[in-house]
Amino acid sequence: MTHQVPFGLRVVDNTFVDIADVPRGNKCECVCPSCTTPLIAKQGQENQWHFAHASRKVSGTSKDCDFSFFVSVRMMARQIFETAITIDLPDYKYSLSKWRSGLNFKEDFLITKATTIQLENCYKEASFGNCIVDIMGEVKNFSLIIYFTHPNRALPSHLKNPRYQQSGILEIQLDHTHDLFSDRKDSTLRHIDLLKNFLQHDLHSKKWIYHPRKTKLEQQASERLDAKITQFQSEKRSQPSYKPQHSHANNDADPYLISAINSPVAPIPKRTAMFRCILCECKWEVVLPGKPTCPKCHTHLYAAEINQLNE
């Protein structure tokens, strides 16, 4: 799907500009940042303002332009970040799991909570490890790497397992930025203002790829998980095991034992008891007799009675 180009590259100063900040028509003196084709600023009364490519026959076109929308948005986003803006960051939650004795033990932990930061000393198109990133900035005592992705630009594998682990790595997805401009209700707002607000406050588009505290917190979570597994295994071993008694009819069978087995069993009175799941620590109330099934684990295998309330 082709989307209208919201930003152009002004040739005279090599700066990305909003459609509202240039003269109309070919006087805008801008080119497409994707294919270098001269652009025309369309600023009509009815349709949404946008840049349009001049004829493909115009001198200066280097190739077909298939990605001009996302390229223009990404280039303008880089330029916005160079102004040292504040941005909202999402929380970063992680989960560690280990399989033991056919069971999956899980430990969830928080690496960093949602916050607002001031990004300073930003450099665009910076070298980080084995790839070029969009933004490299500073937040207090650590650096933050930002990489923009969209349907035609995936996250490099080098950023998923960085060699330099003192920097935070954040992905900002531009996939739905065309909705910012097509769905806007206030026509007086410039594209650049809408994009800046998106970059600053939209949390759904942001995703943590790496955080400097992840390694330490993951090790601590692993230790807690091992302790939980050890406790579970210890409590399981301490539980009494009941073996059903089976009678085998033969000539040497004890007549009193046979009589006891065949005697009618008195009904067990009902009572209410509290149970705890050794696996997930969940507590619940059960009417006995019956299987005390854990409402979270959906099994009675790890239920242990902790309190009894007789009716």
Side-chain angles (χ1 to χ4, degrees), residues 33-34 66-67 69-82 84-100 104-178 195 198-226:
S34 179
D66 297 325
F67 317 122
F69 172 82
F70 285 116
V71 171
S72 69
V73 171
R74 183 167 64 91
M75 295 298 105
M76 178 57 82
R78 285 181 173 183
Q79 190 168 291
I80 290 174
F81 268 102
E82 285 187 300
I85 64 174
T86 60
I87 60 172
D88 298 335
L89 297 179
D91 55 16
Y92 188 12
K93 297 178 180 179
Y94 204 77
S95 181
L96 189 65
S97 61
K98 295 183 179 181
W99 283 90
R100 295 292 186 275
N104 186 23
F105 294 84
K106 187 178 180 182
E107 179 74 12
D108 299 324
F109 59 98
L110 179 68
I111 297 177
T112 183
K113 62 182 180 180
T115 186
T116 300
I117 63 167
Q118 176 76 39
L119 194 61
E120 300 177 336
N121 299 325
C122 294
Y123 298 93
K124 64 181 180 181
E125 202 169 0
S127 176
F128 179 78
N130 296 324
C131 65
I132 301 298
V133 298
D134 291 297
I135 297 295
M136 179 182 292
E138 296 179 359
V139 182
K140 295 182 179 179
N141 297 325
F142 71 94
S143 60
L144 180 65
I145 304 300
I146 296 178
Y147 195 90
F148 298 119
T149 61
H150 54 71
N152 309 115
R153 191 173 192 251
L155 187 77
S157 58
H158 299 294
L159 296 182
K160 298 178 182 179
N161 296 291
R163 294 181 179 178
Y164 183 69
Q165 299 184 347
Q166 300 303 315
S167 298
I169 301 176
L170 186 73
E171 174 188 2
I172 299 183
Q173 300 169 343
L174 304 177
D175 300 46
H176 302 291
T177 48
H178 49 76
L195 180 59
F198 166 81
L199 295 172
Q200 287 185 294
H201 305 301
D202 189 278
L203 294 178
H204 297 291
S205 64
K206 300 184 180 80
K207 178 183 178 182
W208 281 103
I209 304 302
Y210 185 79
H211 193 282
R213 290 199 294 268
K214 179 184 177 184
T215 301
K216 180 180 179 180
L217 293 177
E218 188 173 10
Q219 177 61 34
Q220 294 175 353
S222 179
E223 294 173 358
R224 292 195 303 272
L225 192 56
D226 289 338

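We count residues from 1, following the sequence as given. Note: hydrogens, waters and symmetry copies are ignored here, and every other heavy atom, side chains too, is used.
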For R224, give me all partners under salt bridge (charged side-chain N to carboxylate O under 4.0 Å, His left out), at least two apart in sequence or on another chain.
E107

To the nearest 0.5 Å, atom OH of Y147 lies from atom CD of Q173 at 13.0 Å

Starting at CE of M75, measure out to OG of S72 and round the result to the nearest 0.5 Å.
9.0 Å

Side-chain donor or acceptor of K206 paired with backbone N/O of L199 under 3.5 Å
yes

Within the supplied structure, the quantity of interest is the number of heavy atoms (other residues, nucleotides, ligands) at a distance under 6.0 Å from F105 CZ; does it exceed 12?
yes

If you measure from CG on L96 to CD on E223, what distance do you get to the nearest 0.5 Å?
11.0 Å

Are there over 12 heavy-atom neighbours, none belonging to N161, within less than 6.0 Å of that residue's CG?
no

Looking only at non-hydrogen atoms, find the nearest pair between D226 and K98 and report the distance.
OD1-NZ, 2.7 Å

Would you say E125's side chain and I132's backbone share a donor-acceptor pair under 3.5 angstrom?
no

Check this for me, if you would: do R74 and D134 make a salt bridge, where the nitrogen-to-carboxylate-oxygen distance has to be below 4.0 angstrom?
yes

F81 and I135 have their tightest heavy-atom pair at CB-CD1, 3.6 Å

How long is the straight-line distance from CG of D202 back to CG of D88, given to the nearest 0.5 Å?
9.5 Å

Output, in order, the C-alpha distance, side-chain angles, deciding distance and verdict of side chain to side chain contact (heavy atoms under 4.5 Å, CB included) for H178 and F69.
CA-CA 8 Å; H178 49 76; F69 172 82; 3.4 Å; yes

Any chance you could lay out the side chain to side chain contact (heavy atoms under 4.5 Å, CB included) test for D108 and K93, step after step, and finish with the verdict?
CA-CA 7 Å; D108 299 324; K93 297 178 180 179; over 6 Å; no

Any chance CZ of F109 has more than 12 other-residue heavy atoms, nucleotides or ligands included, within less than 6.0 Å?
yes

Within the structure provided, determine whether I146 and V133 are in side-chain contact (heavy-atom separation under 4.5 Å).
no

Locate the shortest heavy-atom distance separating S167 from P212; write the atom from each residue and the value.
C-CG, 3.9 Å

For H201, is the NE2 atom crowded, meaning more than 12 foreign heavy atoms sit under 6.0 Å from it?
yes

I need the Y92 OH to L217 CG distance, nearest 0.5 Å.
10.5 Å

Apply the test side chain to side chain contact (heavy atoms under 4.5 Å, CB included) to residues L144 and I117: give CA-CA distance (whole Å), side-chain angles for both, the deciding distance (0.1 Å), then the verdict.
CA-CA 11 Å; L144 180 65; I117 63 167; 3.8 Å; yes

Value for OG (S205) from NE2 (H176), rounded to nearest 0.5 Å, stands at 10.0 Å

Find out whether V139 and L119 are in side-chain contact, i.e. whether some heavy atom of one side chain is under 4.5 Å from a heavy atom of the other.
yes

Would one find more than 12 heavy atoms of other residues, nucleotides or ligands at under 6.0 Å from atom NZ of K106?
no

Stepwise, does the side chain to side chain contact (heavy atoms under 4.5 Å, CB included) test hold for I145 with Y210?
CA-CA 9 Å; I145 304 300; Y210 185 79; over 6 Å; no

Return the orientation label for the H211 and F142 ring planes: parallel under 30°, perpendicular over 60°, tilted otherwise.
tilted

Check whether any side-chain N or O of Q200 sits under 3.5 Å from a backbone N or O of T86 as a donor-acceptor pair, and report yes or no.
yes

Please find the pair of heavy atoms, one from L174 and one from F70, that lie closest to each other, and give the distance.
O-CE2, 3.2 Å

Contact summary for L89 and L203, nearest pair of heavy atoms
C-CD2, 3.7 Å

What are the two closest heavy atoms between W208 and P90, and how far apart are they?
NE1-O, 2.9 Å

